[in-house]
Amino acid sequence: MPKKDDPDFIACMEDILDVYKLPYDEKRPAVCMDEKPYQLLGDAGEPLPMRPGSGQKIDSEYIRNGTCSIFMMLPKSLCHNRSLFWTTDVY
């Protein structure tokens with residue numbers, strides 16, 4: 001993370017904050033993108049079936065089947081401060 005007193009950093013942050021002030025443009029809407037990394041997990045064994053008075057039993061052991069990323073695009077009115085803005089056409 002750049003230092004907060006860096007003039008280039010401050011100028012870039014001001015540019016981003018200016019996007020929040022832009023009016024809505026139907027032809028070129030500003031949206032933000034947020035990303036969440038996610039682990040793909042599988043069961044290492046079969047769960048024990050449910051019985052009367054007891055729910056299904058699942059072991060805590062798992063098989064890691066890789067990772068993926070979940071991307072979400074939102075209108076700028078619903079964005080959080082950590083989201084990235086996209087002001088170009090998104091298809």
Side-chain angles (χ1 to χ4, degrees):
M1 182 80 178
K3 294 182 180 178
K4 291 183 179 180
D5 59 351
D6 178 6
D8 291 331
F9 176 74
I10 293 170
C12 289
M13 286 303 298
E14 288 174 349
D15 289 343
I16 292 170
L17 294 173
D18 287 342
V19 173
Y20 278 102
K21 299 175 189 173
L22 293 175
Y24 180 75
D25 181 355
E26 191 173 301
K27 293 182 180 178
R28 291 182 55 91
V31 296
C32 58
M33 180 194 75
D34 205 352
E35 174 187 14
K36 178 183 178 173
Y38 194 77
Q39 288 191 77
L40 303 172
L41 304 177
D43 293 325
E46 292 293 319
L48 297 175
M50 290 182 8
R51 295 187 299 182
S54 178
Q56 184 181 38
K57 307 291 187 213
I58 300 173
D59 194 345
S60 61
E61 186 177 349
Y62 62 88
I63 298 171
R64 188 161 188 237
N65 293 322
T67 61
C68 68
S69 292
I70 300 171
F71 294 94
M72 181 172 45
M73 303 298 261
L74 295 168
K76 71 176 184 176
S77 60
L78 299 176
C79 296
H80 300 285
N81 291 337
R82 65 189 184 104
S83 300
L84 301 174
F85 276 104
W86 292 71
T87 55
T88 57
D89 296 322
V90 178
Y91 296 103

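Just so it is clear, the model here is predicted, and its values are computed rather than measured.
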Below 3.5 Å, can you tabulate the donor-acceptor pairs from side chains in residues 52-65 to any protein atom, sequence neighbours excluded?
{"residue": "Ser54", "atom": "OG", "partner": "Lys57", "partner atom": "NZ", "Å": "3.0"}
{"residue": "Asp59", "atom": "OD1", "partner": "Glu61", "partner atom": "N", "Å": "3.3"}
{"residue": "Arg64", "atom": "NE", "partner": "Gln39", "partner atom": "OE1", "Å": "3.0"}

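- By the side chain to side chain contact (heavy atoms under 4.5 Å, CB included) test, Cys68 pairs with Tyr38, Leu40, sequence neighbours left out.
- The distance from atom OG1 of Thr67 to atom CG of Leu41, rounded to the nearest 0.5 Å, is 10.5 Å.
- The backbone N or O of Gly45 sits nowhere less than 3.5 Å from a side-chain atom of Asp43 that would complete a donor-acceptor pair.
- With sequence neighbours left out, the side chain to side chain contact (heavy atoms under 4.5 Å, CB included) criterion links Asp25 to Lys27, Arg28.
- Atom-to-atom distance recorded for Lys36:NZ and Met72:CE is 9.5 Å, nearest 0.5 angstrom.
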